[in-house]
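Since the structure is predicted, the reported quantities are computational estimates derived from the model, not experimental observations.
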Amino acid sequence: MSETADLRSFVLDLLEDLGAEWLDRGPLTWVRLPDERAEALEVPSSFCMTFAPDQAGRFDAELVAPGSYMLERMLTAATRRGHWGAAKVDTPSGDWVVRALADGGVAMPDPRASFPVRLWDAWIYVFLFRVTLLADEKRESFHAIAVSEDGAESWPESLDLAEAPLVPVPWPADEPQVEGRYTVASRTLEARLSSNLEAFRRDCLSLLEEEVRRVFGYFDRTARELRDAEPSVSEDLVRAIEAERDRRLSEALERYDPKAEARLCGIRAVRVPTAEVLLPTRHGPIRVRTDPWTRNVRGLSCDGCGSTVGPWTLIAASTWRCARCVDATAGESARPREHPPSDTLPR
Ligand SMILES: [Zn+2]
């Protein structure tokens, strides 16, 4: 996706969360907002906006671009709402660095080695997404994706942690820079969901095959029975049956066509104490980061699959594996992998 497309989907998600309706006409988007939201944004309840700088001003279109007044107002309005807010985590007492590392799976063989080379406060942005998988039924799920302040690190977080009560603080002053981190979070979400989406598509396809077989079986049988009972059955009647069969088939194609959609439904910025420590790996010592809130260890990559998402396990001297690789190895040695059931969609 281009930067403009990223910004566009970010802004439209945000507008949807504010209860807006919109209509796209080429480079211009007409937006209608509930009155109280329009007031908060300091715009009329119907207005025109554009993401293309050369279109700004056409039909009084407001330009929405990084640093634009319009985008700033949108972010301000959004952060006033419940799902958008900033909070902070205080520095815990005691040796929180050792505890956070251990919770992330990095128990240092020598506790002195976990002495931080750097300690500072940093923002972590947590994006909440509502994911809808739609075919003949609707599956909804919520996902929290964390992104580091510089946008360089991103990982899935638990919803409990993402929504846990914390001390509120003002929204970080360097905004609006959220859209760049939103892009990073969207990519992490996509990677996290890729196998689910694949399984969902497979489920839909096998249900469709089953339905097509059922429709053909039923209508072929009906036509045959009619002919057997009355050999002079009119061609019109057979054609009518076939037309009905085709209608059922196209209905089935529509019904089992899998659609997936992710919508942003909240952002939380959390100020956390952060520690950087030197961790021995097979490729020499590297700098990893952790904090007492997520207790996630970042900056490490899995020796098996290259994933940068913990928690970690030390499987041999200075060799770190991610939980997924460790689970896969444990599963393989325990028993042959089972094939997942193909009919996991409840009817
Ligand atoms: Zn791995």
Can you measure from [atom1] ([X]) to [atom2] ([Y]) and round to the nearest 0.5 angstrom?
| X | Y | atom1 | atom2 | result |
| --- | --- | --- | --- | --- |
| W22 | L12 | CH2 | CG | 4.5 Å |
| R282 | S318 | CZ | OG | 9.5 Å |
| Y218 | I241 | OH | CD1 | 8.5 Å |

Establish, yes or no, whether a centroid distance under 6.0 Å links the rings of W30 and F59.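 Yes - the distance between ring centres of W30 and F59 falls below the 6.0 Å cut-off.
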N-O pairing of [X] and [Y] below 4.0 Å:
| X | Y | answer |
| --- | --- | --- |
| E261 | R130 | no |
| E211 | R214 | yes |
| D203 | R139 | yes |
| R247 | E244 | yes |
| R324 | D327 | no |
| D150 | R181 | no |
| K88 | D121 | no |

Do you know the tightest heavy-atom contact between [X] and [Y]?
| X | Y | answer |
| --- | --- | --- |
| P273 | D291 | O-CB, 3.2 Å |
| A100 | V297 | O-CG2, 4.5 Å |
| W120 | A275 | CZ3-C, 4.3 Å |
| A135 | C204 | CB-SG, 3.5 Å |
| D35 | S45 | OD1-CB, 3.4 Å |
| A260 | L133 | CB-CD2, 3.6 Å |

Quick one: does [X]'s side chain have a donor or acceptor within less than 3.5 Å of a partner on [Y]'s backbone?
| X | Y | result |
| --- | --- | --- |
| T294 | T290 | no |
| R268 | A162 | yes |
| T313 | I315 | no |

Give the C-alpha distance, both sets of side-chain angles, the deciding distance and a yes or no for side-chain hydrogen bond (donor to acceptor under 3.5 Å, both in side chains) between E157 and W155. CA-CA 6 Å; E157 257 315 332; W155 64 97; 2.9 Å; yes
Could you go step by step and tell me if D24 and T29 meet the side-chain hydrogen bond (donor to acceptor under 3.5 Å, both in side chains) rule? CA-CA 4 Å; D24 281 325; T29 304; 2.8 Å; yes
May I ask whether W293 and W96 are part of the same hydrophobic cluster, defined by side-chain heavy atoms of I, L, V, M, F, W, Y residues being less than 4.5 angstrom apart, directly or through others?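 Different hydrophobic clusters.
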